[in-house]
Each structure stands twice: as structure tokens, then as C-alpha cells.
Asks: 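Encoded as C-alpha cells, here's the structure I'll be asking about.
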Amino acid sequence: MRRVDELPLLGGRSHPQPLASHAPTPADMEGIAGASSTPQASQNGQRNSSPRPSSSSARHSFSNRRAEQNGHTPNALQTSLNGAPAGRPSLLRAKSDFGPRLKDEPTDSADEASSAEGNFKIRHGWDVQLDSEEYNNLLTSTFFMYYTDKRHETGGIPKGQAGAYPLQEWRMRDRLKTVSAVLALCLNIGVDPPDVIKTNPCAKEECWIDPSATSQTPGHTPMNQIGKALQTQYEQLSMRTRYKLLLDPTTDETRKYTQTLRRNARNERVLFHYNGHGVPKPTSSGEIWVFNRNYTQYIPLSLYDLQSWIGAPSLFVYDCSDAGLIISNFNKFAEKHQTEYEDACRRDPSLEHVDYSDCIHLAACREKESLPTNPELPADIFTSCLTDPITMAVRFFILQNPLPSSISIRDAHHIPGKVSERRTPIGELNWIFTAITDTIAWNSLSKPLFKKLFRQDLMVAALFRNFLLAQRIMRAYHCHPVSHPDIPQTYDHPLWRSWDLAVELILAQLPDLQSEARGEKEYVYRHSEFFSEQLTAFEVYLTQGAVEQKVPEQLPIVLQVLLSQVHRLRALILLSKFLDLGPWAVNLALSIGIFPYVLKLLQSQAIELKPVMVFIWARILAVDQSCQADLLKDNGYQYFINILNPGSGIPILNASEHRAMCAFIVAMFCKDYNQGQRASLSPELIESCLDHLKDMQNPLLRQWSCLCLSKLFVNYEEAKWVGIRCMAHERLCELAIDPIADVRAAMLYALTAFLGIRDVTPQVATIEESIASMVLIMTTDGNSMVRKELLVFFSTFIVRYKTRFLVAAYEHFADERNLDTYAKPDEQNGDGIYMKVRSNPNESSSSAQSCSQNTIYAAIWKEILVMSVDPHPEIARDAGIAVDYILVALLESSLAKFVQPKLDDVFRKNPAPRAPRRTAEEAPAQQTSTPPTPSKEPSYLSLFNSLRRTPSVAASLKNFWTHESTPPKSPSHPKSEDLHAPPGDTRPLTPEKYHVEEEPKTRNFVPRSLSKTPELPLPSQFFEWSVEYFREPQMKPTEADEPGSTEYNGRLWRRNRNDKIINDTQPLKEVSVSNRWDVPRGYFDNLSQPMKLCFHQFEDHLVVTDARDTVNVIDYSRSANRINCFSNGNPTGSRISETRFINEDDQALLMIGSSDGVIKLYRHYDRREKTELVTAFRALTDLVPSNKNAGLAFDWQQGRGSLLVAGDVKVIRVWNANTEICTNDIPARSGSCITSLASDQVEGDVFIAGFGDGAIRVYDQRQKPATAMVKVWKEHRQWVTNVHLQRGGQRELVSGCRSGEVKLWDIRMDKSVKTIQATTDTLRTLSVHEHAPVFATGTQRHRIKVFNINNGQSVSHFEPYSGFLRDRSAPIAATAFHPHRLLIAAAAMHDNHVNIFACHEPKNAPPKTATVKLWDENSTIKRSSTFI
């Protein structure tokens, strides 16, 4: 259910609910003395509406939406007095017919006749109520959809591997270091190689040193200076690498030092830098050149030998012409090495393998390309790009700048600051360069390649970032650097423009900075806006482009921004919004390298970072649990435990939600991690979690406080003893009646983990027994997820006290066997249902002597048996496993010799019959079944006659406890008709077939495999399901709330359609009382006896149920076609007694109640083979024995989400759809059964019940239960067929009894307002139109009569068509009006056909023009249409 923070109060009511659309607005009261309001007052009501439709709530202007009018033509385009159009209301989620509709304009038609009292239009005094300001405020309150939450969509079952986003490996398991480097410089200064012709002038500088201009002092030769400069530049990239200079090396020197470095490096990476500017180009046969000892000859060095010396893994940099040729030859030799290794392995399998293909190469140019000789460039331009990128990039920018400037090339070497200090100009420029090149690589490379080149090795990452710059610069000089692995060309990436802008902004300040450095002037450096602008771009992405899971280009820049305190908070906030998009976003962030940064930030004490850090860590742990050791390493977990403490301050409004995230983080830290449990355990942590259980404002915090305690308790006895000292078990049990089902389930999960202290001392046993007794009341919980967790708790408790349960089961088994549990035929009620049988008082002595009598073990055993026949299939399946576990253990125990004969007797007397129909999911000899409804007496399974049986042990014993020896018989009635009995079924006694159609299951239901041995304890999936909350987006609207989405557009269309239907049908009210109702609109064969009919308000759907368990859905839009048919699954002998739609404004659910006291809800009820069970629960228990059975009667209140349930019980039970628990038991104050319920759908406080003895009682929920009955009328003397309170129109309260009397009531009066003798024979059915002033009766003599409510006159009468040679005297079985249209459906007994009739509209009537307001997501469109 969609929740809101607050609702307006009305009349002091503590929980007001939205009102119904049928309720007239104050403007409807014009002309009523003392109750009218001026048009101006009406139109100047609340004008503020939502800017766009919201599917989760409906807040709209009172003046824009009007209730259905009595005799008025609707007009939606009502404008204010100044001519401005009325504000557009929000899209309703769950109003159906329970909220204000479009405003109507009066027409020339006369008003309907007033009531018998003649002094008011709306009954019961509710017209005065409509003028109150509180009522007007209530009309703008939030409306809800029910049973659409995630727990109902999934049933508490996590998505699993198929639906979950796969976790990608983001940690660098094979991280390497470049520990050694050989810097080989073959320059031979002063001698040009023979194959190179240099221009004059030409490029001379090597490492920014001109060899020809350098002095030749001893020890400071140009060669030495260049070598040291190169080493210094490399040290800027990696200080920890050991460098070895080889200046003009020989072959022996190269072999010696490369082998030595490889030996020292072991399995780490070795760098080989080769500068071949003073030697010939590489040969095509795979050789590079070095020198002889005397430097008189060039000596070729084979790459094959070089591979053998350096080994792998290695990194090669080739700065020479034709460098691409080296890479291709190197790879050929690597393949040759691999072939030789494979041959050698055949001779010596222990030979160590060296993978020469695991080498990385960077080459200055392609094959047959020469290095540029531009004198404005350095000779080693490739090396300069790789080792001094900022200087080279600035120099390149100056060279490429076509505008005149005072900045010279040499100024590129004099940018102030240090590279390591990000607040200085050169440091900031280097920081920007790192961010840009990282981002370009992230967006251009595949993720595995990016991870290898940019995250595996710091030296490799630095060189490849600079290699991207080399690609860009050298391309301008007709040179194309090459790499292996090959990477795409990135020279034209758009981010290079941002780099140029950053360089330009710094160069523009360079003269002032230089003057400031010389002391000539004061100047404050203006920092670049690059990172701020990129964060803005990332923010735009989050609002615009994140819908399609498109990878954000700015993510690596966000990573770099975390290094800066200036932008850190903003970057973290944006990062949290990105992580909120889902697991795919978390995986991306982890793969880019975000984890070390957020781990380090846990050491920060900045209070402003706490909320966002909590959010980020919650998202990370929801996706990857492997971060537990990282949290433990530096006590990072303490960061979250401190915030979880209620006394800690956190600078944010929704502190409770962030504390819930902290509880989640601590829970994940402890999950399956004993070291985490030990580190976290403290009385303060447990007290913090227990204190948060009282925070009624935030259910998420209560839920995760329970789950945090559960993970602390699991298999950790010390934590359980600390919990005992804190009274944790008692404080947890207080949540048994928590209003949120998720919290109740979490409490049970925590208590399950609390069980299991190894030494079962009397103290431990007493505590665990008290826990079990306190949660026993939760067996009546209406939420299936809670009952499943309760079953898991019971199963754990059973395993812990197995022997005691064996005794309890055996004694209960023996007691049941000794009792005469088979009901007599005269104890059977009218539905063929056996009510519970009272025990013989003389036999109580034997029960009192049993060991398990009045123990918690006997109580739980009985409750598990009750749960084995739960209406929810998953609970019945799992409880069946628990029952079979005990019974199998009983047969294997020392009691087996006593149990086996009785068990054999069970099989002999009650063999399992074959199922009438096999479903696709059933195995040939395995069929789980839904046994009959139990009560809580010792003979509780004797309540109903049995269903289909299975060969499982549990099912066989259910046969034993349930009568199945004789087929059901009809109740014996006296010869004279019983006036207080329900209408009898006079059809012949033919065998009834149940479960003919498929029974819908829950979405993720998996049938039990009976071939598996039952095992306890049952596994729980609740924790994994709860974790999914933190994997789902929480900062953005759901897909259904996003304008333009398919779901949103569908809701918008349905809203417009619903308004059109209401506007079309309201003018037809006067037609309904002046024309015949015998126009055929549909006729179809239901294939079984129709007993209940229900129209959907807006869809062209009619639901027809029979006298057993079959549900048919009919589409009557064109011709009546059956579009779906399924079984409700109620037990044999029971019947479907009520049917309703809920959430009709949107995608409706079908609610079905059956006479065994069960309520079930279905989604996709109109889709064959796609219908799903949403939830099922037993709304009524302890049915009262009677041979005048009314079954179950219920009324659904959409406005407040309440379900009123009554029937063969002494109370009227109020179920809250929000909490899914019974909130009130109102005494019926009558010994007779309740036959029908009707309630005020506007406020929902008042409801009316009709009884089997003819009484009509009025109840007010605002009163205490003992005094809730505020009125009783006993004018009817026979069984009340129906009582109905109109939703619209005059809000008439109509009742009818079997004698044929129909009475109109006003709840303020002590007697009926009007009595109409509708028929002289038996009144079988009574239906009232929701808005038109008509009602219909179905008689014993096959006739349907339609009456005018206002004057009591008959409007029309007709007989439903029954087919050729059918019985024309058969009584009417069912009638139903359409809530809006002038349609009525009817069916007769002994006939499977259903008829749909419409009211006759005169052909000469002028077309009625109605103006309908069409909603769209941007504007209000005024459009007039004519509806015929």
C-alpha cells in the first residue's frame, strides 16, 4: 500500500480515510435549506493541485471534481469566476468510485423526487456533513492502492540469480608492480645512423636537453645528463621502481642487467625503455641495434634473445623509427617460445612456463614511419609525452595556437607549483589531465582492458594515460603511436577540448603568476572550474540519461574529485544518487575504483559526510558482501555503529532512515562473518537496536534493527546472553502487533535466530517457551509473509525440542483416535460443511493426564496442523513438511509400535482418493492438497469433509482427522418452510465436482517434491528479500510515476476513460425510472450454476461464480465471451459467498470470500493462465454450528482500506488492508448469523448488517466495540436477503427479506422510511443500483422486477431467458446492477446461463452533450464531445 505521512482529521477520528466519488459536493446541495453554498464559495476552494499526475496519490482541487449529480448533465470544464481554467487534478491511484468526480453543470431536467420525509435530498443527514471544511479537506486527501506493495508482488521471495544483476569482479586479484626498469639509451651523440637523413635544423632535444649545447665536463657528459633526466622523469611516475641506466649499451651489458633485474623482480613486472635515435632502424627479421665495446660497430640484438633475458610479465617502450615492426616481430617470437615450451613439456612436465604473450608494448610509430624532425619539437617526442606529459601538452598547445601571444615555448617549462600539490597551477593541471585521460580510457576501452591497463599496475596506468596524449600530439606530425594490447584512437575525444580550455585558462594567468613570483605584483590564482562543470554534467546525466542504464562519461572524474575537499561533499552526493540507480551502477562505480576512496573516508570525522557515506556504503554492501574484511581492517564498522546510537547526532532531517541503513550495514557486516559478530558485539549496540524498535515513525528502522539483532545472534551464544540481559526477547515480542507486516516478519526472523543456546538449562527453556507463547497469536496474521516466518520459527523450535513434540503429536494422535470425531449427518449445515464437534466431558480425564496437555508444545503442534491447511499454498506446503517431519520421526521413534497399528487403520479406513483433475505441475503420484478448515479444538480437523487426498503421511493423517466416509447430504428441514433459513436450493442431488479448473498459485510458487525427505528447520528467505530494498532506486519515482512511461500512460488513459464513463452515465438516471429494463445485451453459458454476479465499474467485465469454487470472467463489450476461468480452491462442501473488485480506478484485483471463512485476492484475473494469487488469509475462524448457514459476508471499503467480514460468527471482524491484521472485533449482539453487510463508502465509519432473523443493525466504528451497535430495526420477520447502502444518488439504505418486503431506512430514525411489497412470493435476490434510484428483486417464480426507489412503483419486469425446454418456473439465483451503466445481470436456478439486460433508451431522445476533461501530463485540454 502507498503510505502518506498524514491525513486530515474529521470529527475527531484518529484514522480518517478518503471519501467516495459518489458523495455530492457542497455545490450539489444548492437549493437545500441551510445546506447550500454559493458557486463562488465552491469555485474558490482549494486550487493547488499537483503539477502533474501522480499515480501514488490524488490531490486535486475541490472545485474541479464533482460527485455524480442527481439528474444533472456533467460538465468537466468548469472555470473559475475570472475565466481561468480549473487546475488539473492528479492521477488517482485507488479511488475507483470513492472520490470526487468531474464537476457538472445543471440542465433543464427536473430533479428526482425527494424522499418520503420530503425535507432532504441526501439520506442520513450526510448532506450537512458535506458543507464542512474538514470534509472538503478530506476530499483532497491521498487515495491508495492496496495489496500492490512489493511484499504482495513477490510474496517475500527474493529475485534469485535469474532476476538479480550479476556481481562483477572488481577487485584486482592479480595486481602487479613494476619493480625494475632498464632505461637503454642508444644515442651515440655526434654520429648519425646510416639510414637516417636529418634535416637542418632538426629536432635535437633528448629529455629537454640539447646534446650539442651541453658542456663536456668529466662526469657531466650530455649522455649522462640525458640519462639522469630520463630517470628523473620516470621517477615522477613511480618512485618505488628501481631504475638501471644503460647508456649506449653493448649486447653483454644488456644481457647482464636484464637478466639480473628479472631475477630480482621474480614474478613482478620489468620495464624496458629503448631509445634508438642513434642506431639504425629495427630490422625486418626481428632485431634492434646496440653497440660493440669500442663503439665502432652497430650490433644487432635479437628480440628472441631479449625475450629470454627479460621474461614476463614485462613492459616495453620503443622510441625509434619503424617501432611498430618491433611489436609484430616480438609477437612472432613469443609464439615461437610457446611452441618450444610445449615441446619441452613433453620431455619435462615440471618445466616452468613463461607466458611471453603477457607483455605490454608502447611504440612511437607504425611500421615504415619515421619520427618527426620538427626543430620546435624534442627529438624524443614520444618519450616526452610518456614521461613529462604536462610540459609536452602545454608546449603542443602553444605551437598549435594560431593567435598571437606573448607566451613562448619555453614558458611551458615554467608553470608555477609542484605536480604533487593539486592547489598549485601545475598540480591542478596535472590533476585535470589525469581525470581527463582516465575518463577517455574509461569511455573508449572495454572494461576488462581498462581494468588491465589502468588499474592493475600504477606504472602501466601512468604510461597509458600519457600514451593517449602521444596519440593526439604525434598524429598532428604524421606519426601514429602503436600499443599492444591495441587500444582505439582517442585523439578526437570531446574531452580534449576541455583539456585545451584548462591549459588556455592557466596560460592566460601565466604572466601574472610569473610577475607575482618575481615579487612585482600581488596576484591570486583563479582555480579551474573544470571539476565543478563536470559535476554539473554528471548531475544532468542523473536527471536525464540514467533511465536506459547508459554508462556516465563523467564517472572517473567524480572519482578524481573525491581527492579534493572543496568538491568532495557534492561529488559524494552525486555519487550516492548514481549508486541509487541499482546494482549495475554500483558495479560500475566499484570497477572504476571507487572503493578505496570511500573506505578511506570512513576515517574522516567530518559530520557533514556521515549521511552520504552511510547511503553509499549501504548500496555497496547490498551488492557485494565481500567488503566485510575491509570494514574490519581499520575499524571502519565503528563508524556506522556510532551513528546507529540514538544519542549520536546526524545533520539530516530523516535521521531515522539513515540509522536504518546503519543497521543494515552492521547486519551485513555480521552476516556469515564471525569476526564481524565479535567485533560488533556490545550491550550498547543491542540497546541501540532495541531502542529503535520504539520509533513508530520509521518502519524501515524497526525492521532493520530486528534484522541487525538477528545477524548478531546467529550461531553466537555470547550475543544471545547479552540479549537476554537486555531483555531483547521480550522487547522484540512487543512487535507482534506492529502495524507494518515487514516489521512483524523481521521480529520473527530475529527471534528465530535467538533460539539455539547450546545448553538447554531450565532458564533457557523457560525463556524460549515464553517467546513461543508470545508469538502464538501471530497465527491469525493476515499477511502470508509473516505467517511464513512464523512457520520458520516453529520449525526451528520443533528441531530444538523434538522429543517433546513427538510426545505432543502422539498424545494428540491418540486422543483424536479415541474420540468419535465423525460428525453425524444431522450435524451438517446447509452447505455440506461439518462444524466442530464438542468433546465428551466424561473423556476429559484422560486428556488431563497427558504429558503435553496445556503445554506450548501441544499448542504449536496444533497450530502447525492448522497452518498445513492454510489457504496460502506456500504456507500449506511448508507446514506440510513440518507435519511430515514430526510424523516420520514419530514412526522412527520408540513410540512407533503404538503408532503404526493406528496409522495402518487410517490407511485402511480412509484411502487417499484420486484427484479429479491433474494440473500441469503435479507428478503422476504426487499431489499436494488443501485440506479443510480447522478450528482450534482437539478435533479441529473434523470441521469439514475432506478434499482431495495424497499419499503423503501428513495428508493421510488429515484423512484420519477428517470425515470422508459418506458424501455430503442436504440438511434436513421441517416440512413447513423455515422463515429464518436461507433460500434453499431445490435442484436435484447431483454429485458436485470441485477443482475442475486450475487453481491460481502465487507468482513464485514451487510445488513440493514428495520424493524428498522432509527436513527442518525450514529455510527463510526474508533477509535476502529485505536486502533487495537497498538495491532498488529510492531517490526517484517508480516507473509507474514517471511521465511518459508505459505504466504512467496506461494509468492516464484509464483515468480519462473512467471519467468519461461517469460523465456518460450520470445523465441517464432519469431514464432508469421511466423506461423498461428488458433490452438484451448479452447471454452466455456459465457451464455451472451461477450464484454470484459482480460487475467491474469501468472494465467491461462480469465475474460469475457458481455454487462451488469456479470463477468465470466474462467480457461483454461486444458479445459475451468467457475470457478466463479458474478455481478458487475452497474445500469440498464450501462455496464462494462474496465477490468484489478492489483498486478499480487502475488495475483491479479480484477479492473472493468463501464460506470456509477465507478471503483470497487475485491479480490478472482476466488473463487465462496468468492469473496469480496475491494473498489469502482466514478472515473468520471458529464458525458457529448451525443448519442455517450464511457462509461469509464481507464489504470492502476502498476509501479507508478496510474489510468488514461477518457470517456464521458472533462478531463483525474489521481487517485493515494497510496492516493486514484484524484491528477490531465488533460484537454482533445477536444470536443469528449475519447474511449481508453494507457500509458508508464515504467515511467508512457507519456500516449496516442484515441478520438471519430479519433484524437490521447499524454500527459505528468510532465507538468502542461494546457500544458500537447504535441502532437496531426488527421490522423484517424473515431472513434478510440483502441490505445495501447506495454509494451515490440519494444514498438510500435498502433492505429486503424473504417475505418480499423491501424497506428504505434512515439511520437517524427508529423505523423504516418506506416499505415496498416487492413480491408476494419468496424474495430470492435484491440488488440496488449505486447511483440510479432503482432496485431489482428476483423472485421464486422466475421473475425479475425493477422498482423506482422514490415512489415504490414498478418500473419494469421480465424473465431471464433460460433456453429451449428449460424450466420457466425456476427461482432467480442471482442479480447484479452495473455500478454506473444501466445494465443488470441475472441468472436462474437449474440453468447455467447468465443474461445481461439494459434499460431501454427512447430513440427520439435528443443526444446529451457532455463536456469531458481530458488529462495529459503537460496541460489541460478543453474538448467538447457529444455522447449518444
Side-chain angles (χ1 to χ4, degrees), residues 180-198 204-207 209-234 241-265 270-311 314-323 325-326 329-330 333 337 361 363-364 371 379-380 382-383:
S180 303
V182 177
L183 306 181
L185 300 178
C186 299
L187 298 180
N188 197 16
I189 296 173
V191 180
D192 292 336
D195 58 348
V196 174
I197 301 175
K198 294 185 177 179
K204 295 181 180 180
E205 291 181 336
E206 301 280 352
C207 297
I209 296 174
D210 185 353
S212 61
T214 304
S215 62
Q216 297 283 345
T217 57
H220 293 83
T221 61
M223 193 66 184
N224 289 338
Q225 294 180 30
I226 292 171
K228 290 179 180 178
L230 179 61
Q231 181 174 337
T232 302
Q233 290 176 187
Y234 264 109
T241 302
R242 297 189 299 271
Y243 298 94
K244 177 60 182 176
L245 287 173
L246 294 181
L247 306 179
D248 290 341
T250 64
T251 303
D252 293 337
E253 290 174 340
T254 303
R255 180 181 66 254
K256 174 183 175 181
Y257 288 113
T258 52
Q259 289 179 341
T260 301
L261 291 179
R262 166 48 62 194
R263 191 163 49 249
N264 295 335
V270 174
L271 167 66
F272 182 80
H273 179 100
Y274 175 73
N275 183 327
H277 296 170
V279 293
K281 297 178 182 179
T283 65
S284 59
S285 58
E287 295 164 324
I288 58 176
W289 298 93
V290 291
F291 301 95
N292 63 355
R293 287 183 177 274
N294 300 322
Y295 300 101
T296 57
Q297 290 181 343
Y298 299 109
I299 304 299
L301 175 62
S302 172
L303 291 175
Y304 182 86
D305 296 333
L306 187 62
Q307 281 181 349
S308 304
W309 301 338
I310 293 183
S314 300
L315 170 61
F316 296 89
V317 177
Y318 309 112
D319 189 353
C320 60
S321 298
D322 234 2
L325 184 60
I326 301 177
N329 286 324
F330 188 99
F333 289 134
H337 270 291
H361 304 267
L371 297 178
D380 61 345
F382 185 61
T383 299

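On a predicted model such as this, the values are computed, not experimentally measured, just so you know. The basis for the numbers below is simple: all heavy atoms, side chains too, and nothing from hydrogens, waters or symmetry mates.
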Asks: Do the side chain of S321 and the main chain of L371 share a donor and acceptor less than 3.5 angstrom apart?
Replies: yes
Asks: If you round to the nearest 0.5 Å, how far is OG1 of T241 from CD of Q231?
Replies: 10.5 Å
Asks: Of N329, I326, L301, which meets side-chain contact (heavy atoms from CB on, under 4.5 Å) against P282?
Replies: I326
Asks: Which heavy atom of I310 sits nearest a heavy atom of S314, and at what distance?
Replies: CG2-OG, 3.0 Å
Asks: What I'd like to find out is whether the side chain of I189 reaches to under 4.5 Å of the side chain of I226, using heavy atoms alone.
Replies: yes
Asks: For H277 and D319, indicate whether the former's side chain and the latter's backbone hold a donor-acceptor pair under 3.5 Å.
Replies: yes
Asks: CG/L183 to CG/L271 distance, rounded to the nearest 0.5 angstrom?
Replies: 6.5 Å
Asks: Rounded to the nearest 0.5 Å, what separates atom CZ in F272 from atom CD in Q307?
Replies: 12.0 Å
Asks: Of all residues at least two apart in sequence or in a different chain, which pass the side chain to side chain donor-acceptor pair (under 3.5 Å) check with N264?
Replies: none
Asks: If the plane angle is over 60° it's perpendicular, under 30° parallel, otherwise tilted; pick one for Y298 and W289.
Replies: perpendicular
Asks: Before giving the answer on side-chain contact (heavy atoms from CB on, under 4.5 Å), spell out for V279 and Y274 the whole-Å C-alpha distance, their side-chain angles and the decisive distance to 0.1 Å.
Replies: CA-CA 11 Å; V279 293; Y274 175 73; 3.3 Å; yes
Asks: side-chain contact (heavy atoms from CB on, under 4.5 Å), that's the test. Do F382 and V317 meet it? Break it down for me.
Replies: CA-CA 9 Å; F382 185 61; V317 177; 3.9 Å; yes
Asks: List the atom of S302, the atom of E287, and the distance in Å for their closest heavy-atom pair.
Replies: CA-CG, 4.0 Å
Asks: What is the ring orientation for Y234 with H273, classed by angle as parallel under 30°, tilted 30 to 60°, or perpendicular over 60°?
Replies: perpendicular
Asks: Please round to the nearest 0.5 Å and tell me the distance separating atom CG of L185 and atom CE of M223.
Replies: 5.0 Å
Asks: Find the distance between OG1 (T254) and CD1 (I288) and round it off to the nearest 0.5 Å.
Replies: 7.5 Å
Asks: Say whether, by atom type as modelled, one donor and one acceptor occur between the side chain of D248 and the main chain of N188 under 3.5 angstrom.
Replies: yes
Asks: Considering all heavy atoms of both residues, which atom of L230 and which atom of C207 are nearest to each other, and what is their separation?
Replies: CB-SG, 3.5 Å
Asks: If you look at every heavy atom in P280 and P193, which pair is closest and at what distance?
Replies: N-CB, 3.9 Å
Asks: Quick check for you: to the nearest 0.5 Å, what is the distance between L187 atom CG and F291 atom CZ?
Replies: 7.5 Å
Asks: Where is the tightest heavy-atom contact between R293 and D252, given as atom of each residue plus distance?
Replies: NH2-OD2, 4.0 Å
Asks: At their closest point, which heavy atom of C186 faces which heavy atom of V290, and how far apart are they?
Replies: SG-CG1, 4.3 Å
